[in-house]
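What follows is a set of notes on a single structure, which appears directly below.
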Amino acid sequence: MQNRTAREIWVAALGELEIQVSSSNYQTWFKDTTGLSYQDNRFTISVPNTFVAEYLSQNQRSLIEKTLMELTSPDIEVVFQVNGRHQQGPSTAGSASQGVPASANLNARYVFQSFVEGKSNCLALRAALDVVQNPGKSYNPLYIYGGTGLGKTHLLHAIGHEARSRQTAMLCVSGEQFTNEFVIALRDRQTEQFRNRYRNAGILLIDDLHFIGGKEQTAESFFHTFNELHNSNRQIVITSDRPPGSMPVEDKLRSRLEWGLIVDVQPPDLDTRLAILDAKAQREQVAMPAEVLSFIAERTFKSVRDLEGGFNRVVAFSRLLRSSPTVETAAQALQDVASKVPGTSATPESVIKLVADSFKLGYDDLKGPRRDKQTAMARRVAMYLVRRETNCSLAQVGRDLGGRDASAVTNACKKVESDMATDSYLRRLIHDIQERINPGATPAA
Ligand code: ADP
Ligand code: MG
């Protein structure tokens, strides 16, 4: 058949697919595809890059085939081709990272292909992919925040690799590097060169921006860089350990950080943890039985980095014992780092102190009568956590926290739970406090 026909068939198929998948899914994965050829039951679809090819091939193949079958013949085979170049079958996470040349400031392993999607990170992943497709157009800046070890740098570098492969002048630095470069430029009277270096970026990736918090001159310089790039529609992507609203920077910069899209990454749920370990075992060609992988995934690591550390420990431990990994060796290897049994050493005092600490308040503020918004919130969180983490009765919790009665404690706990359902920052804050109360014992999900 003619190429024109393939094009037409695919347009019809897209009409179907647009109804079947979510609109963000369609925008991200299907929008820039075309029907290339249809010959000998082989239907070739042109896609803009390898990761779209890989995604469609791994996740949407059967839907695409089903849709095309209805428009063509029942034994159609679908092939994805990157801008006309032929795409191999689905590659493993390992070969994906080998395919990307390492560079001074991008980790070669941090590519989209090796990033495991889960509920905890899918918004951030979609947004990152969107930015790659439409730099400077979808959301500017894209602001990704979340706890340490949850994949922020991985996503940022993945954007960097893609930008680089598209010949975009990409600049990727950490908040710390930015600060150091700025300080040196000031010292050597080279602020003009510094400014030009950043002004010429087609896309600017800044990792751990929170590092510049409290450094006024650096923050000011970043503010100007931001404005220059933003004014000329150059994409800016920022990661941070906290949302813009909690960044210790001047209002004018803070409000700009909120101009685009703000997404967070959360600790992964069990399925995602398993998928991450599975991918890691494949990539590193470690034979790890499924039950051992589950055993590790079920432990309570607070981040993906710690989860990977747990995996490495099990591998190292088994090698030491010259045995292959088993549940028993895994249990031994992990006994000190990730117990499943919550500790019971927490006392109301220790919990209240930790909560006060995290809210930057004093222990006595929580026990006393202060009623401003921040203190009231911290006190509710303290009630919630004393109730959960110690064996105290409601009445005793109330007594310990400013002489409230049991029903006030119940209400406070309910309020915290409902706030947590909508406020991911609060969720993480509480998770972090629990982590400090019982290291390793809080479920990562
Ligand atoms: P952060 O910058 O948020 O502190 P990183 O991006 O450095 O975290 O991630 C820590 C480690 O966890 C890295 O080795 C990274 O590859 C891995 N990782 C995090 N999230 C994922 C994911 N969704 N899929 C695969 N690996 C992940
Ligand atoms: Mg990081």
Side-chain angles (χ1 to χ4, degrees), residues 51 54-55 58-59 91-98 100 102 105-129 142-162 172-179 205-213 237-243 247 262-284 286 288 293 296-297 299 301-313 315 337-338 424-425 427-428 431-432 435 444-445:
F51 67 95
E54 208 146 311
Y55 178 87
Q58 285 176 6
N59 301 289
S91 69
T92 62
S95 67
S97 56
Q98 282 156 19
V100 184
N105 48 2
L106 294 181
N107 185 322
R109 195 168 60 72
Y110 292 176
V111 291
F112 281 116
Q113 288 90 337
S114 64
F115 192 85
V116 175
E117 178 172 6
K119 265 210 295 282
S120 54
N121 61 35
C122 66
L123 275 183
L125 173 61
R126 299 277 161 77
L129 290 168
L142 169 61
Y143 188 104
I144 305 172
Y145 75 91
T148 174
L150 297 180
K152 300 185 295 299
T153 301
H154 191 139
L155 280 177
L156 194 74
H157 286 199
I159 296 173
H161 285 299
E162 275 302 322
C172 178
V173 295
S174 65
E176 184 172 8
Q177 270 169 280
F178 186 89
T179 305
L205 312 174
I206 297 259
D207 204 6
D208 294 331
L209 182 71
H210 54 90
F211 190 87
I212 70 165
V237 186
I238 292 164
T239 74
S240 172
D241 67 352
R242 67 202 77 179
M247 283 286 279
I262 304 166
V263 288
D264 71 343
V265 283
Q266 291 282 326
D269 59 21
L270 179 62
D271 284 344
T272 314
R273 296 204 295 276
L274 256 178
I276 288 172
L277 289 181
D278 206 39
K280 183 168 162 68
Q282 279 193 32
R283 184 171 64 235
E284 295 174 7
V286 174
M288 182 81 82
L293 286 181
I296 302 172
R299 306 278 107 179
F301 296 102
K302 71 167 186 280
S303 73
V304 179
R305 188 177 291 122
D306 292 353
L307 177 72
E308 293 184 333
F311 176 98
N312 292 341
R313 249 181 113 99
V315 173
V337 285
S424 61
Y425 184 60
R427 229 170 21 240
R428 189 162 64 78
H431 183 271
D432 287 350
E435 219 4 81

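Sequential numbering from 1 along the given sequence is applied to the chain's residues. Both ligands and their constituent atoms are indexed starting at 1 by order of listing. In what follows, every heavy atom counts, from backbone to side chain, and hydrogens, waters and symmetry copies are set aside.
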Would you say the side-chain atoms of [X] pair up with the backbone N or O of [Y], donor to acceptor, closer than 3.5 Å?
X	Y	value
Ser303	Leu150	no
Thr272	Pro268	no
Gln282	Ala279	no
His157	Asn107	yes

Which is it for Asp264 and Ser424 under the side chain to side chain donor-acceptor pair (under 3.5 Å) test, yes or no, and what are the steps along the way?
CA-CA 8 Å; Asp264 71 343; Ser424 61; 2.7 Å; yes
Work out how many protein N, O or S atoms lie closer to the Mg ion (ligand 2) than 2.8 Å.
1
Would you say the side chains of Thr239 and Asp207 form a donor-acceptor pair under 3.5 Å?
yes
Counting only heavy atoms and a distance below 4.0 Å, can you name the residues contacting ligand 1?
Arg109, Tyr110, Ser114, Phe115, Val116, Asn121, Gly147, Thr148, Gly149, Leu150, Gly151, Lys152, Thr153, His154, Ile276, Val304, Arg305, Glu308
What one should report as the nearest heavy-atom pair of Val111 and His154 is O-NE2, 3.1 Å
Presence of salt bridge, Asp269 and Arg273, under 4.0 angstrom:
no
Between Arg283 and Ser114, does the side chain to side chain donor-acceptor pair (under 3.5 Å) criterion hold? Intermediate values first, please.
CA-CA 9 Å; Arg283 184 171 64 235; Ser114 64; 5.1 Å; no
